[in-house]
> 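One structure, pasted below without further comment.
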Amino acid sequence: MSKVDILDSLNPAQRSAVTASGGPILVLAGPGSGKTRVLTHRIAYLIREKRVEPWRIMAVTFTNKAAREMVHRVNALLDGDPQGMTLGTFHATCVRILRRESESLSRYDNRFLIFDSADQRRVVSQALADLNIDDSRFQPNRMLNNISNAKNEIVSADDYSANNYPTEITKRVYQRYQEILVANNAMDFDDLLMNAVLLFDEHADILERYQRRYEHILVDEFQDTNTVQYELLKRLSAYHENIFVVGDADQSIYRWRGADFRNIRRFGQHFPKSQQILLEQNYRSTQIILDAAKAVIRRNHDRVDKELFTDRKGGELIKLSEAYNEADEATMVVDTIARLEKDGTLAGSCAVMYRTNAQSRVLEEAFIRAGVNYRLVGATRFYSRREIKDLIAFLRLVYSPIDSVSFGRTINTPPRGIGKKTLEVLYDWAEANGWRPGEALLKLVSNDNIQHPFSGRAYSALTRFGNLLHNWIELSAQITVGDLLDSILEGVDYRSYIDDGTDMGRDRWANVMELLGVAIEYEDHDLGQFLEQVALVSDIDNLEDNADAPTLLTLHSAKGLEFPVVFIVGLADGSLPHSRSLEDGEELAEERRLFYVGLTRALDRVFLSYAFRRTSFGESQVTVPSRFLHDIPVELVEGSNLQKRRRVTIEKASSWDWSRSTPKSHESNVDGGGVRKDLPEPSTRAPSQPSQRARVVTEAKYSTGQNVYHQKFGEGVVIESNLTGIDEEVVVAFSDLGIKKLVASLAKLEIREE
DNA sequence: GGATCTCATGTTTTT
DNA sequence: CATGAGATCC
């Protein structure tokens with residue numbers, strides 16, 4: 001392929017990005033503006049035209065899928081495989097560096113394992129137990145969050161600043177947590193990044209080697225970098241300063257993971273010589289879709305507006321629909337897809353997006369009921385399913401018997417008569433001898449003369465498993481991962497444990513077989529590589545292109561993808577924006593970006609929907625249409641007047657709450673779950689309500705001094721009530737939890753008579 | 001001492 | 001509703 005071909009298909013902005021001479025370059029790329037194109041073409045351009053050797057190029061992405069696609073496209077451009085290029089996710093790239101430099105890691109060897117979030121939870125619980133800390137007062141998840149945040153900011157356990165009791169506890173837990181990881185020769189996800197930075201900071205010579213090597217560094221989705229990642233990039237690029245980053249602040253949706261789109265601004269400050277290139281032409285969506293998306297995102301503060309434009313004038317209007325409940329909403333989606341299909345749209349070109357994985361279930365059921373195939377991304381993620389985790393734990397234990405987390409998971413799985421008491425004795429015995437539990441077990445079977453505290457049943461159960469483990473370890477050196485897994489399955493008779501004949505059992509066994517299939521494919525890789533792959537894949541990575549079925553996925557996993565037809569479901573306040581983000585402006589802004597990301601995935605058509613009633617916790621509640629729907633100009637939407645819809649629904653919601661706080665309301669939990677018979681069916685519901693009811697929200701329902709009860713927060717007293725125009729905002733002082741601000745139509749507040 | 005059951009508890013997004 | 005941890009049963 002010639003130079004002309006590499007640059008030919010690019011617009012002027014794209015071309016100037018691709019051919020920009022060295023130095024720091026910041027490409028601000030709106031959705032659908034050819035971001036990946038610019039990256040891949042620049043790599044091809046550097047290699048072909050600038051004669052940069054591939055091994056001197058590093059390109060980082062956030063998912064393996066994105067990385068693979070880049071490899072694929074670069075290969076196509078260059079008509080061959082550029083050998084030796086470093087192209088992968090941040091995490092994978094760091095692992096590679098850490099393994100290669102493992103001799104310089106003081107506390108790890110190169111067989112270190114990668115602990116996922118389930119492992120992390122076990123470790124943190126262990127840490128809490130070791131420190132005699134009550135895990136109900138200091139929740140493991142909370143602790144893990146704090147630890148993760150610290151690591152993202154490159155703060156080690158010893159540097160963690162403790163200035164009050166809770167932070168003191170966090171510090172101790174962090175320290176203990178880290179000790180356990182090190183004892184297991186394991187790193188968590190955050191360690192992979194932080195340890196890479198620490199390695200560079202402690203070994204200037206190593207850093208220099210990498211700095212000199214990587215003449216060009218390219219970064220995708222730069223808005224999603226967090227502090228560690230940013231610091232890593234700064235270090236690696238310090239010598240050549242050829243750092244080329246592509247990002248869009250409006251698509252930053254990983255704040256909760258420490259990502260900070262302000263890194264985009266920082267980039268300009270840190271590299272004053274940097275060039276900035278704007279990609280504003282959208283090649284993906286119709287004008288209508290783009291206008292809607294722009295109108296939504298424009299309401300966020302603290303952003304630089306891009307003038308996105310498209311040649312695809314006009315287009316189909318966005319369709320907004322209300323369904324009665326989630327099941328109806330799901331059916332509506334399935335029906336719509338069927339109708340589109342009849343008109344010639346390929347089912348595979350449709351995607352259904354939602355805020356949380358839990359929402360996929362109803363959709364799946366509807367698809368199954370209709371006998372329509374679908375592909376699902378995420379949900380209960382494959383590698384976090386119990387049976388898969390079990391088997392990975394076996395493999396990990398074989399690979400690294402000192403891994404006590406995997407040991408704990410497998411020692412009595414399937415149940416083989418090794419209970420709490422026996423384990424306690426084993427742990428004590430191991431500790432007294434300075435062994436890890438797995439080592440102790442192996443000593444027990446490989447050394448006949450060993451002194452041990454076990455007898456009878458416990459001893460035979462332990463040695464039976466110990467022999468199995470011993471065997472697998474021997475085998476692992478000779479046979480493939482697939483055969484090893486097969487041997488494990490057989491050795492512990494895993495099938496009869498997991499497959500109990502029920503549907504669920506069969507599903508679980510099918511998952512096992514799927515894993516076995518993956519393992520068999522890895523034939524020529526060794527066990528260590530297999531485990532690493534498995535630890536670093538995400539579900540989106542396994543999403544194959546050109547499928548013929550609609551895709552179900554979260555808005556988060558939709559980032560970077562595009563579909564001709566996009567459905568976004570569950571557009572109700574509390575779902576999108578998510579209830580946990582309602583009180584924080586920054587988080588709310590992120591929810592809005594999430595919606596923006598969803599909208600901008602669409603090429604041709606967008607279908608938005610929400611359910612009038614939503615089931616959460618098994619209880620059905622009336623919803624309020626998402627506030628974001630407000631911001632889409634009415635003329636872009638087919639059908640109804642959004643404002644009116646929202647108002648009407650709020651009125652209804654309020655009128656229902658009203659009926660709930662009748663004297664009977666104390667038993668409302670008993671029969672409150674079902675559909676109330678006195679309500680009209682959705683199709684027959686009158687478009688407007690009697691004005692008496694309409695006034696419910698324009699008049700305060702709560703007043704200062706009232707005693708109220710909230711299901712979760714308990715007893716409280718109303719301090720203040722404000723009308724916001726569309727709803728009532730109540731400030732309540734709860735006796736247990738202090739002062740909270742609640743939205744009347746969402747919070748289930750019961751008024752208690754004096 | 002171990003397995004099974006029930007109860008409680010708690011659900012955002014992911015490398 | 002689904003998973004996890006304690007209490008009870010075997």
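Note: hydrogens, waters and symmetry copies are ignored here, and every other heavy atom, side chains too, is used. A, B, ... follow the sequence lines: proteins, then strands. Residue 1 opens every chain.
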> Which atom pairs link the protein and nucleotides 6-9 of chain B when you take only N or O atoms and keep those under 3.5 Å?
none

> Side chain of A/Pro415, heavy atoms from C-beta onward: which of B/dT13, C/dA2, B/dA3 has the nearest atom to it?
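Per side-chain heavy atoms of A/Pro415, the pick is B/dA3.
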
> Would you please confirm or rule out a distance under 4.0 Å between OP1 or OP2 of C/dA2 and any side-chain N or O of A/Arg361?
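Yes, within the criterion.
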
> Closest nucleotide of DNA chain B for A/Arg457 versus for A/His578: which of these residues is on the 5' side?
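Final value for this comparison: A/Arg457.
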
> Any chance the rings of A/Tyr497 and A/Tyr494 have centres within less than 6.0 Å?
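For A/Tyr497 and A/Tyr494, the ring centres are under 6.0 Å apart.
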
> Is the phosphate of B/dT12 approached by A/Asn357 (side-chain N or O, under 4.0 Å from OP1 or OP2)?
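Answer is no, no contact under 4.0 Å.
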
> Does OP1 or OP2 of B/dG2 have a side-chain N or O of A/Thr422 closer than 4.0 Å?
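Yes, such a contact exists.
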
> Side chain of A/Thr63: nearest nucleotide among B/dT15, C/dT3, B/dT12?
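The listed nucleotide nearest to A/Thr63's side chain is B/dT15.
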
> Listed by chain and number, what are the side chain to side chain contact (heavy atoms under 4.5 Å, CB included) partners of A/Ala186, not counting sequence neighbours?
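A/Ala186 satisfies side chain to side chain contact (heavy atoms under 4.5 Å, CB included) with A/Leu113, A/Phe115, A/Leu181, A/Asn184 once adjacent residues are dropped.
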
> Assign each of A/Leu594 and A/Gly419 to its nearest nucleotide of DNA chain B by heavy atoms, then name whichever residue's nucleotide is nearer the 5' end.
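Closest to the 5' end, via its nearest nucleotide, is A/Gly419.
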
> Which residue pairs satisfy the salt bridge (Lys or Arg N to Asp or Glu O under 4.0 Å) criterion with at least one member in residues 406-418 of chain A, sequence neighbours excluded?
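Qualifying pairs: A/Asp390-A/Arg409.
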
> Students often get this wrong, so: under 4.0 angstrom with heavy atoms, is A/Asp190 touching a base, only sugar-phosphate, or nothing?
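No contact at all - A/Asp190 keeps every heavy atom at 4.0 Å or more from the nucleic acid.
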
> B/dT15 base stacked by A/His91? Criteria: ring centres under 5.5 Å, plane angle under 30°.
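It does not: the two rings, one from A/His91 and one from B/dT15, miss the stacking criterion.
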
> Does a donor on one side chain and an acceptor on the other come within less than 3.5 Å for A/Thr551 and A/Arg375?
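A/Arg375 and A/Thr551 do have a side-chain donor-acceptor pair below 3.5 Å.
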
> Between A/Phe454 and A/Tyr459 (judged by ring centroids, cut-off 6.0 Å), do the two rings come close enough to count as a pair?
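Between A/Tyr459 and A/Phe454, which both carry aromatic rings, the centre distance is not below 6.0 Å.
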
> Could I get the full list of side-chain hydrogen bond (donor to acceptor under 3.5 Å, both in side chains) partners for A/Glu365, not counting sequence neighbours?
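In terms of side-chain hydrogen bond (donor to acceptor under 3.5 Å, both in side chains), with neighbours along the sequence ignored, A/Glu365 is linked to no residue.
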
> State whether the distance check finds a donor on one side and an acceptor on the other, under 3.5 Å, for side chain A/Arg355 versus base B/dT13.
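Yes, the side chain and the base share a sub-3.5 Å donor-acceptor pair.
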
> Using a 5.5 Å cut-off between ring centres and planes within 30 degrees, is A/Tyr254 stacked on the base of B/dT13?
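A stacking contact does not exist, since A/Tyr254 is not both close and nearly parallel to the base ring of B/dT13.
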
> Pick out the pairs of N or O atoms, protein on one side and nucleotides 4-10 of chain C on the other, that lie under 3.5 Å.
none

> Is the phosphate of B/dA3 approached by A/Asn412 (side-chain N or O, under 4.0 Å from OP1 or OP2)?
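Answer yes for this pair, as a side-chain N or O of A/Asn412 is under 4.0 Å from OP1 or OP2.
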
> Between A/Lys65 and A/Glu69, is there a salt bridge with N-O shorter than 4.0 Å?
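No salt bridge links A/Glu69 with A/Lys65.
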
> Just checking A/Phe62: base, sugar-phosphate only, or nothing, at a heavy-atom cut-off of under 4.0 Å?
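Since only primed, P, OP1 and OP2 atoms lie under 4.0 Å of A/Phe62, the category is sugar-phosphate.
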
> Look at the side chain of A/Trp256 and the base of B/dT12, then say whether one donor and one acceptor between them are separated by less than 3.5 Å.
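When only heavy-atom distances are counted, A/Trp256 does not reach the base of B/dT12 through any donor-acceptor pair under 3.5 Å.
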
> I want to check one thing: is the phosphate of B/dG10, taken as OP1 and OP2, less than 4.0 Å away from some side-chain N or O of A/Asn141?
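Negative; the distance criterion is not met.
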
> What pairs meet the salt bridge (Lys or Arg N to Asp or Glu O under 4.0 Å) rule with one or both residues in residues 190-200 of chain A, with sequence neighbours excluded?
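Every pair satisfying salt bridge (Lys or Arg N to Asp or Glu O under 4.0 Å) with a residue in residues 190-200 of chain A: A/Lys151-A/Asp191.
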
> Check whether the ring centres of A/Tyr254 and A/Trp256 lie less than 6.0 Å apart, and answer yes or no.
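A/Tyr254 vs A/Trp256: aromatic centres under 6.0 Å.
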
